[in-house]
Protein chains: 2
Amino acid sequence: MAGVAVGTVSRVLNDNPTVAEPIRCKVHEAVARLGYQLDPVAQSMRGNRSRLVACAIRDFDIPRFGTFIREAEQVLRVAGYTLLLSSTTNSPAVEVALLRAFESRKVEGVMMTVSDERNAEVLAALARAPMPVLAIDRDRLPGIDRVAADHRSGAVAAMAHLLELGHRRIAMLVGDTRAFPSRSRVEGFRQALAAAGVAPQPRLLRDRVLTAEDAFRETMALMNLPEPPTAIFVAAMDMLGGCLRALRQLGSQVGRDISLVAGSDSELAELHEPPVTAISWDLAAMGRHAATMLLERMGSAEVEVGRSLLLPTQLVIRRSCRAP
Amino acid sequence: MAGVAVGTVSRVLNDNPTVAEPIRCKVHEAVARLGYQLDPVAQSMRGNRSRLVACAIRDFDIPRFGTFIREAEQVLRVAGYTLLLSSTTNSPAVEVALLRAFESRKVEGVMMTVSDERNAEVLAALARAPMPVLAIDRDRLPGIDRVAADHRSGAVAAMAHLLELGHRRIAMLVGDTRAFPSRSRVEGFRQALAAAGVAPQPRLLRDRVLTAEDAFRETMALMNLPEPPTAIFVAAMDMLGGCLRALRQLGSQVGRDISLVAGSDSELAELHEPPVTAISWDLAAMGRHAATMLLERMGSAEVEVGRSLLLPTQLVIRRSCRAP
DNA sequence: GACATGATATGAACCGGTTCATTATAGGGC
DNA sequence: GCCCTATAATGAACCGGTTCATATCATGTC
């Protein structure tokens with residue numbers, strides 16, 4: 001329709017400078033009249049521009065993680081990318097398979113949460129991946145950018161708060177320590193105890209708390225100890241519900257019989273009676289930064305690899321803690 | 001490597017019956033040895049099998065909607081499909097654009113929530129779409145399958161509960177009535193009032209409550225009325241938080257000064273003090289059914305179009321309501 | 001006026017499969 | 001022994017772009 005070769009059209013639409021203004025105009029006009037648009041599938045065939053970015057996380061059901069995805073998707077959409085979503089179900093095998101699937105779909109960038117940062121197969125798959133990968137809330141990994149929250153400082157602040165109130169038997173419910181968030185929370189927990197000269201009691205530290213049921217069971221077990229804790233740091237992502245359910249069933253009142261700090265903030269923590277002191281960070285900013293950093297890495301090879309952004313956490317003090 | 005033509009390899013891998021057993025074996029062996037796998041991009045080029053299913057919803061941040069996505073994704077993954085996610089930001093223009101983008105990516109099936117079921121452009125785009133579309137929690141639309149919850153019956157049950165306790169000034173906070181959930185909740189609200197012979201008061205029905213801030217503001221306004229309601233039906237998806245925040249600020253105690261029913265269940269409703277009576281339905285089943293129905297439609301043209309699955313809702317009675 | 005130069009447009013190969021018309025082969029019927 | 005048919009494998013066109021070597025042409029230089 002514009003009376004030019006297909007290659008010329010391709011160059012016009014890709015803003016290739018080697019095409020003169022009059023022809024450029026004619027092509028744009030024809031494109032507008034035909035409502036013509038490039039086929040992304042064909043584009044990813046010869047060229048390698050699929051305009052696809054993948055995000056793989058443990059489970060979409062993690063509350064408030066939707067905020068992360070919403071913001072990341074928005075940044076990506078504005079940049080002309082489409083988001084591919086998969087859940088890893090916390091399995092290294094699935095993670096490796098997903099990376100292969102993303103590669104075969106010519107995905108241009110990946111953001112993900114690896115379930116086990118020490119797993120050799122996953123690390124090998126990450127090193128092999130031809131597209132940049134950004135780790136979400138994970139430790140620094142060689143050659144990989146990351147965006148994470150400073151859970152260690154958050155845990156230190158939470159523990160300092162409890163220790164200052166006079167607590168000495170402080171229990172902790174935490175998730176899988178093979179991943180960064182739980183690992184750094186435990187670090188913060190130990191660091192704060194050490195700084196206060198309090199000997200840590202192994203039986204008060206419960207890890208691998210992954211579901212609400214786990215949290216319920218472990219809270220029950222803790223409170224039935226001969227010397228039950230006077231405070232609980234529910235550090236695992238969104239396990240507050242299970243813990244509160246157990247305390248309610250035991251007739252133990254939060255803020256009077258037991259002090260409580262949540263490792264991540266939620267509407268539940270805010271609106272519970274009494275409101276629960278919690279560690280908070282900006283998930284929306286996390287999503288925006290993750291998408292932005294990934295796009296930057298995708299856009300130019302000059303950006304140095306292995307960038308790390310550690311978002312600050314803050315302790316929101318409410319009414320769930322008092323002196324034992 | 002197998003000493004056959006590329007076309008033959010293609011036929012073997014697509015289980016085309018016109019290839020003899022010995023050759024079939026040789027090809028499979030070579031495939032295994034080379035770790036060869038078909039390129040989905042090339043497949044979607046000539047053939048039309050992108051193995052992509054898209055899901056577009058208003059906002060990923062809707063709590064518990066992650067459950068829907070998790071289950072749907074699982075069903076799709078098992079069937080060999082990858083999920084493409086986009087948010088519509090509740091804008092018809094974005095919805096139309098997304099349908100076009102999905103088409104150009106040769107997406108094989110779409111599940112989505114249209115923001116306005118009467119919008120002519122969106123309806124036209126849906127009719128034009130070459131791939132099957134399934135509506136999530138929306139009304140029956142011509143030629144489109146749907147999976148929805150029975151919000152009308154849920155609202156009737158909630159209202160019957162309040163009316164039976166003796167409430168007559170019952171307020172309702174509801175979302176956008178251009179979409180099925182809010183519209184059917186209002187229907188149920190009116191139907192229950194009519195059945196009880198109670199005249200509806202327009203000022204007690206607040207629609208377009210879309211954000212937590214809206215819910216906060218409308219609750220404030222309602223309680224400052226000369227004759228404030230004795231009960232509130234917080235029908236909008238997850239606006240319970242905003243409403244509770246307002247009541248707390250007003251010093252109005254739930255279950256004593258004001259009765260409350262939530263239109264959708266949540267951990268907040270369950271663990272609030274007092275726990276909030278709520279309408280509940282199975283979002284996990286909804287996700288599974290949506291994915292399954294869509295796959296069935298994609299798989300065979302014989303499945304009749306316009307199938308409708310209405311999931312039951314149930315009223316979970318807790319301790320947020322008493323006689324006025 | 002011949003020739004090198006730079007700027008533009010073209011044509012064709014290419015990406016990795018799918019699909020179909022065509023050919024080669026084997027088997028069966030008369 | 002010949003023809004017909006069914007079956008199995010092949011080769012090439014095709015999908016819709018991208019990319020690069022090549023062709024064309026106007027301009028500048030000596």
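Proteins get letters first, then strands, A, B, ... in listed order; numbering begins at 1 in each.
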Qualifying ring pair (Phe, Tyr, Trp, His ring centres under 6.0 Å) pairs, either residue in residues 38-89 of chain B, two or more places apart: F65(B)-F68(B)
For [X], give me all partners under salt bridge (charged side-chain N to carboxylate O under 4.0 Å, His left out), at least two apart in sequence or on another chain.
X: E121(B); result: none
X: D282(B); result: none
X: E73(A); result: R77(A)
X: D150(B); result: none

For D238(A), side-chain contact (heavy atoms from CB on, under 4.5 Å) partners two or more places apart: P63(A), E267(B)
Terminal axes of the helix from dG1(C)-dC30(D) to dC30(C)-dG1(D) (five pairs each): angle between them, nearest 10 degrees: 60°
Atom pair distance, as rounded to whole Å: CD in E21(A) and C1' in dA9(C): 15 Å
Residue closer to the 5' end of DNA chain D, T8(B) versus N14(A) (nearest nucleotide): T8(B)
V107(B) versus A54(B), closest heavy-atom pair with distance: CG1-N, 3.7 Å
Within residues 94-105 of chain A or reaching into it, pairs that qualify as salt bridge (Lys or Arg N to Asp or Glu O under 4.0 Å) - sequence neighbours excluded: none
Salt bridge (Lys or Arg N to Asp or Glu O under 4.0 Å) contacts touching residues 27-43 of chain B (sequence neighbours left out): K106(A)-D39(B), E29(B)-R33(B)
Under 3.5 Å: donor-acceptor pair, side chain of R49(A), backbone of Q43(A): no
First-last contacting nucleotides on DNA chain D - partner chain B, under 4.0 angstrom, heavy atom: dA8(D) to dG16(D)
DNA chain C-proximal residues of residues 24-46 of chain B, any heavy atom under 4.0 Å: Y36(B), Q37(B), L38(B), D39(B), A42(B), Q43(B), M45(B), R46(B)
Sugar-phosphate only, base, or nothing, as touched by V4(A) at under 4.0 Å among non-hydrogen atoms: sugar-phosphate
Touch class at under 4.0 angstrom, heavy-atom based, for T18(A) against every strand present: sugar-phosphate
Nearest-nucleotide 5' precedence on DNA chain C, A20(A) against V6(A): A20(A)
Sequence-distant partners of T88(A), side-chain hydrogen bond (donor to acceptor under 3.5 Å, both in side chains), two or more places apart: none
